[in-house]
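Remember, it's 1-based here, ligands and their atoms both numbered in the order they're listed. Residue indices begin at 1 and follow the sequence shown. We use all heavy atoms of the structure for the numbers below, so side chains are in, but hydrogens, waters and symmetry mates are not.
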Amino acid sequence: MSVLFVDVEAMSRWISDRGAERILVELAKAIESDFVRWQAFDKTPRLAAHSPDGVIELMPTSDGNQYGFKYVNGHPKNPERGYQTVTAFGVLADVHSGYPTMLAEMTILTALRTAATSAMAARHLARRGSRVMSLIGCGAQAEFQALAFKAVLGIDSFRFWDTDPDAMDKFERNSQRLGLKATRVADPLDVTDGADVITTCTADKTNAIVLRDDSVAHGVHINAIGGDCPGKTELDPHTLQRASVFVEYTPQTRVEGEIQNQPEDFPVTELWSVVQGVHPGRRDDREITVFDSVGFAIEDFSALRYLASQVAGSSYATTIDLVAEPSDPKDLFGLTVLRGRSLVTLGARGV
Ligand code: NAD
């Protein structure tokens with residue numbers, strides 16, 4: 001059985017042809033539908049291997065028919081040596097045979113799924129009629145976040161800030177190309193002026209405060225995506241105490257999210273319960289809501305399934321010979337005999 005393969009080139013071409021905004025809208029819907037059936041999934045906090053430089057994580061889940069996992073890293077100092085902070089790839093598999101069905105690049109797909117999840121959450125939590133978003137952190141995720149909020153929520157004006165002027169230049173250039181109304185601020189304290197939504201997407205392996213509590217006005221929705229690892233947060237703890245906090249999967253977020261610095265019984269609401277109408281979400285226009293996003297396996301599963309439905313049988317996917325399949329399932333060794341010669345023998349001769 002051949003396995004679908006989507007590499008970086010094919011992913012880029014698919015996004016360019018289909019349109020990032022259209023994909024973000026469709027992906028937000030796909031993720032929302034999976035949050036509607038949240039109870040159908042196997043759920044476990046992701047498995048993290050920490051090092052002084054960053055983290056490597058495995059994120060598995062299954063709905064009983066399909067299984068998915070993502071390999072992802074987070075290394076905030078990587079850009080200094082020309083590498084991405086976050087890279088990823090993922091696999092979809094058939095639960096009934098256990099065979100993988102798709103292998104895909106997920107560095108770009110993760111940026112899409114993170115932005116789509118953020119925008120989906122904001123559609124449930126931000127004030128109706130939200131128009132202005134402040135963006136703190138203009139790295140790899142920034143344009144995806146901006147486009148998702150434009151396409152899904154109707155945000156039409158952006159204010160942005162980054163400690164790195166080159167990242168600000170890059171975001172400004174890309175915003176112009178994308179036709180986004182984006183205002184560069186000179187002083188970080190001005191970035192939140194008039195904001196309905198504040199997105200924090202910085203990368204620094206420390207308990208930073210990238211958004212001061214006195215910059216958070218009543219009624220704002222905070223989309224906090226950069227605090228996603230132990231010892232790596234972005235918000236002032238006072239803001240969390242003033243806000244209603246929404247999370248993906250509590251056992252994972254208590255370790256990795258903004259709430260890691262709060263007591264173990266700090267009250268949070270899981271987003272699925274808002275999506276399913278079990279919890280009302282935002283209660284009034286003065287409430288401060290925080291989506292304490294860390295990224296959860298179900299979002300990657302939704303993204304992989306959506307991708308497979310889009311690219312199967314198209315030029316955006318090739319197939320690879322990933323699974324050994326001898327005609328006699330018990331004769332695996334038979335596959336090592338090539339043109340009458342055993343590969344084991346060839347290996348032994350050092351050929
Ligand atoms: P990146 O390294 O490309 O960009 C981060 C940007 O933050 C850089 O431009 C940096 O200069 C800026 N920055 C750092 N400290 C700052 C500060 N105090 N104020 C303003 N700007 C500051 O990283 P990225 O790929 O864009 O990811 C951003 C963050 O989002 C990372 O922390 C990453 O781990 C996280 N992330 C979360 C999810 C999720 O699902 N929640 C998914 C992907 C990435």
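- Remark: ligand 1 atoms within the under-4.0 Å shell around heavy atoms of G295 are 39 (C), 40 (O), 41 (N).
- When only non-hydrogen protein atoms are considered, atom 25 (O) of ligand 1 lies nearest to Q141 NE2, 2.9 Å.
- Between the side chains of R131 and S157, no donor-acceptor pair is found at a separation under 3.5 Å.
- A salt bridge does not link E264 with R254: none of the charged nitrogens is closer than 4.0 Å to a carboxylate oxygen.
- If you number the atoms of ligand 1 from 1 as listed, the ones under 4.0 Å from a heavy atom of G226 come out as 29 (C), 30 (O), 32 (O), 35 (C).
- A salt bridge links D213 with R242: the closest approach of a Lys/Arg side-chain nitrogen to an acidic carboxylate oxygen falls below 4.0 angstrom.
- Residue contacts with ligand 1 for A167 involve side-chain atoms from C-beta outward but no N, CA, C or O (heavy atoms, distance under 4.0 Å).
- Under a 4.0 Å criterion applied to the non-hydrogen atoms of P79, ligand 1 contributes the atoms 2 (O).
- A donor-acceptor pair is defined here as one N or O able to donate and one able to accept, closer than 3.5 Å; no such pair exists between the side chain of S130 and the backbone of A126.
- Heavy atoms of T85 found under 4.0 angstrom from ligand 1 belong exclusively to the side chain.
- Here the protein heavy atom with the shortest distance to atom 4 (O) of ligand 1 is G139 CA, 3.2 Å.
- At a 4.0 Å heavy-atom cut-off, ligand 1 touches T202 through backbone and side chain alike.
- Within the 4.0 Å heavy-atom criterion, neither part of H75 lies near ligand 1.
- A salt bridge is defined here as a Lys NZ or Arg NE, NH1 or NH2 lying under 4.0 Å from an Asp or Glu carboxylate O, and R18 with E26 meets this definition.
- The pair R37-D63 counts as a salt bridge, with a side-chain nitrogen and a carboxylate oxygen less than 4.0 angstrom apart.
- The closest approach between a heavy atom of E299 and any atom of ligand 1 is not below 4.0 Å.
- Of the protein's non-hydrogen atoms, the one nearest atom 41 (N) of ligand 1 is S293 OG, 2.9 Å.
- Closest to atom 3 (O) of ligand 1, if we only count protein heavy atoms, is A140 N, 2.9 Å.
- Below 30°, between 30° and 60°, or above 60°: for F296 and W38 the angle between ring planes is between 30° and 60°, a tilted geometry.
- Between the Q145 side chain and the Q141 main chain, no donor and acceptor come within less than 3.5 Å of each other.
- At least one heavy atom of C201 sits closer than 4.0 Å to an atom of ligand 1.
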Verdict with reasoning, E143 to K170, per salt bridge (charged side-chain N to carboxylate O under 4.0 Å, His left out): CA-CA 10 Å; E143 292 81 358; K170 179 268 316 183; 2.8 Å; yes
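- Annotation for K29: atom NZ does not count as buried by contact number, only 12 or fewer foreign heavy atoms lying within 6.0 Å.
- At a threshold of 4.0 Å, the pair D328-K330 does not count as salt-bridged, since none of the basic side-chain nitrogens sits closer than that to a carboxylate oxygen.
- A salt bridge links D169 with R184: at least one charged nitrogen is closer than 4.0 Å to a carboxylate oxygen.
- The atoms of ligand 1 that sit less than 4.0 Å from any heavy atom of D228 are 33 (C), 34 (O), 35 (C), 36 (N), 37 (C).
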Side chain to side chain donor-acceptor pair (under 3.5 Å) between E256 and Q252, intermediate numbers included: CA-CA 6 Å; E256 300 180 351; Q252 183 177 309; 3.2 Å; yes
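- Looking from atom 5 (C) of ligand 1 to the surrounding protein, the closest heavy atom is A203 N, 3.7 Å.
- At a heavy-atom cutoff of 4.0 Å, ligand 1 is contacted by the side chain of V210 but not by its backbone.
- Interface of V294 with ligand 1, defined as ligand atoms under 4.0 Å from a residue heavy atom, comprises 39 (C), 40 (O), 41 (N).
- The nearest heavy-atom contact from the protein to atom 13 (N) of ligand 1 is T163 OG1, 3.6 Å.
- Between D196 and R127, at least one side-chain N (NZ, or NE/NH1/NH2) sits under 4.0 Å from a carboxylate O, which counts as a salt bridge.
- One option in E256, Q145, R113 has a heavy atom closer to atom 40 (O) of ligand 1 than any other, and that option is R113.
- When non-hydrogen atoms are compared, ligand 1 lies under 4.0 Å from the backbone of D162 as well as from its side chain.
- Residue A142 does not touch ligand 1, judged by heavy-atom distances below 4.0 Å.
- Look at R113 and D300 and you find a salt bridge, because one of the NZ, NE, NH1 or NH2 atoms lies within 4.0 Å of a carboxylate O, short of that distance.
- Residue-ligand proximity, K232 to ligand 1, at heavy-atom distances under 4.0 Å covers atoms 31 (C), 32 (O), 33 (C), 34 (O).
- Heavy-atom proximity to T114, at under 4.0 Å, picks out these atoms of ligand 1: 38 (C), 39 (C), 40 (O), 42 (C), 43 (C).
- Listed by atom number, the atoms of ligand 1 under 4.0 Å from D164 heavy atoms are 11 (O).
- Counting protein heavy atoms only, atom 37 (C) of ligand 1 is closest to I225 O, 3.0 Å.
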